[in-house]
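The structure appears right after this line, and notes come after that.
One-based numbering, in listed order, for ligands and for the atoms of each. One is the number of the first residue; the rest follow in order along the sequence.
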Amino acid sequence: MAKKILVLNGPNINLLGKREPSIYGRETLATIESACKKRGQTLGLAVECRQSNLEGELVGWIHEAAYGGPKGKRAFDAIVLNAGAYTHTSIAIMDALKAAALPVIEVHLSNVHKREKFRHRSYITPVAEGVISGFGGLGYELAIEAAAKRLKPAARKR
Ligand code: DHK
C-alpha cells in the first residue's frame with residue numbers, strides 16, 4: 001500500500017495569491033496542493049492536503065494522522081506542515097507533534113530568517129526532521145521528496 005503524507009497548512013495560507021504577494025508569491029494554495037499530489041504520485045505516495053485557520057483543528061488533524069487509522073493506529077506516515085503564525089507561538093501544536101511521533105517536515109514559503117525577529121523562533125523545528133524555508137510553493141514539493149526519502153530510504157537511489 002502507498003505510504004500516506006498529510007500536508008497541513010495553518011492560518012492565512014488559504015489567502016495565498018492575494019496575501020502580501022511580494023512575500024508569499026502569487027501562487028494559490030489550490031495550485032500548490034495539486035503540485036504536491038502530482039509529486040506524490042510520481043513518488044508512489046498518497047498525498048492529502050488540508051488547511052485551517054484554527055489551532056485546535058490543526059491539533060485534531062495531527063492526532064488523527066497518528067491515531068485515526070484502523071485499530072487506533074496511524075492514518076498517515078508523515079506530515080508536511082506549514083503552521084503559519086502558529087509556528088512561532090503554538091506549544092499545543094508542538095506537543096501534538098511530539099505525541100504523534102510521526103516524521104514532520106516543516107515548510108515556510110518565505111525565508112523566515114530574513115524577516116522580523118519574532119519569526120526566527122519556531123516551536124515546530126525541535127520536533128521536525130528538517131525545515132524548508134524561502135522557496136515558495138516549491139518548498140512543499142521538496143518536502144514531499146524529503147518525506148519519500150525518509151519513508152523509503154533503501155528504495156530510493158540518487
Ligand atoms: C507563513 C505565515 O503565515 C507566517 O506567519 C510565518 C510563513 C511565515 C511562511 O513563510 O510560509 O511567519
Side-chain angles (χ1 to χ4, degrees), residues 3-43 45-66 75-151:
K3 299 270 186 187
K4 290 172 77 181
I5 312 288
L6 182 60
V7 177
L8 290 182
N9 277 291
N12 302 306
I13 310 289
N14 55 313
L15 296 181
L16 285 185
K18 299 188 184 109
R19 175 195 186 199
E20 299 181 89
S22 61
I23 297 173
Y24 296 106
R26 298 212 171 267
E27 228 178 340
T28 64
L29 180 58
T31 307
I32 290 172
E33 289 181 342
S34 80
C36 284
K37 285 182 187 164
K38 258 198 205 150
R39 181 66 70 116
Q41 263 175 7
T42 315
L43 295 163
L45 300 168
V47 173
E48 184 171 322
C49 303
R50 301 182 194 174
Q51 185 274 335
S52 178
N53 294 316
L54 305 176
E55 186 177 26
E57 190 159 38
L58 292 163
V59 167
W61 287 340
I62 293 164
H63 294 174
E64 181 191 328
F76 291 88
D77 300 289
I79 297 173
V80 170
L81 174 63
N82 182 352
Y86 290 140
T87 302
H88 318 297
T89 62
S90 182
I91 295 169
I93 291 177
M94 178 184 71
D95 281 350
L97 293 170
K98 278 189 188 168
L102 292 172
V104 178
I105 322 282
E106 180 180 355
V107 173
H108 301 289
L109 294 139
S110 63
N111 178 351
V112 285
H113 294 285
K114 258 185 167 177
R115 300 181 62 195
E116 304 94 321
K117 203 151 186 224
F118 66 83
R119 294 185 205 274
H120 299 179
R121 173 189 203 162
S122 167
Y123 282 99
I124 313 301
T125 304
V127 292
E129 300 277 316
V131 186
I132 298 166
S133 181
F135 295 103
L138 174 66
Y140 291 85
E141 291 184 64
L142 298 173
I144 305 267
E145 283 268 353
K149 186 131 196 194
R150 167 71 172 73
L151 294 174

| For ligand 1, which atoms have a heavy atom of N82 less than 4.0 angstrom away? |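 Listed by number with element, the hits are 9 (C), 11 (O).
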
Starting from [atom], locate the nearest protein heavy atom and write down its residue, its atom name and how far away it is, to 0.1 Å.
| atom | result |
| --- | --- |
| atom 6 (C) of ligand 1 | H88 NE2, 3.4 Å |
| atom 9 (C) of ligand 1 | L109 N, 3.4 Å |
| atom 10 (O) of ligand 1 | S110 OG, 2.6 Å |
| atom 3 (O) of ligand 1 | R19 NH2, 2.9 Å |

| query | Using heavy atoms and a threshold below 4.0 Å, how should the contact between V112 and ligand 1 be classified: side chain, backbone, both, or neither? | reply |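 Side chain only.
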
| task | Measure up the H88 and H108 rings against each other and bin them: parallel (under 30°), tilted (30 to 60°), perpendicular (over 60°). | result |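 The arrangement is parallel - the two ring planes meet at less than 30°.
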
So, taking the atom named [atom1] in [X] and the one named [atom2] in [Y], what distance separates them when rounded to the nearest 0.5 Å?
| X | Y | atom1 | atom2 | value |
| --- | --- | --- | --- | --- |
| D95 | I62 | CG | CD1 | 10.5 Å |
| D77 | L6 | CG | CG | 11.0 Å |
| C49 | I13 | SG | CD1 | 13.0 Å |
| N111 | R119 | CG | CZ | 12.0 Å |

| query | Y24: heavy atom below 4.0 Å from ligand 1, yes or no? | reply |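 For ligand 1, residue contact (heavy atoms, under 4.0 Å) with Y24 is present.
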
| Per atom 5 (O) of ligand 1, closest listed option by heavy atom (G139, A85, A83) |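 Comparing heavy atoms across G139, A85, A83, the nearest one to atom 5 (O) of ligand 1 lies in A85.
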
| request: Using atom types as modelled and distance alone, determine if a side-chain donor or acceptor of S133 lies under 3.5 Å from a backbone N or O of S110. | output: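 Looks like yes, one N/O pair under 3.5 Å.
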
| query | Do ligand 1 and H108 have nitrogen or oxygen atoms that lie under 3.5 Å from each other? | reply |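 N/O-N/O distance below 3.5 Å does not exist for this pair.
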
| said: I'd like to know if K149 and E129 make a salt bridge, using a cut-off of under 4.0 Å between side-chain N and carboxylate O. | reply: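 Salt bridge between K149 and E129, a charged N being under 4.0 Å from a carboxylate O: no.
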
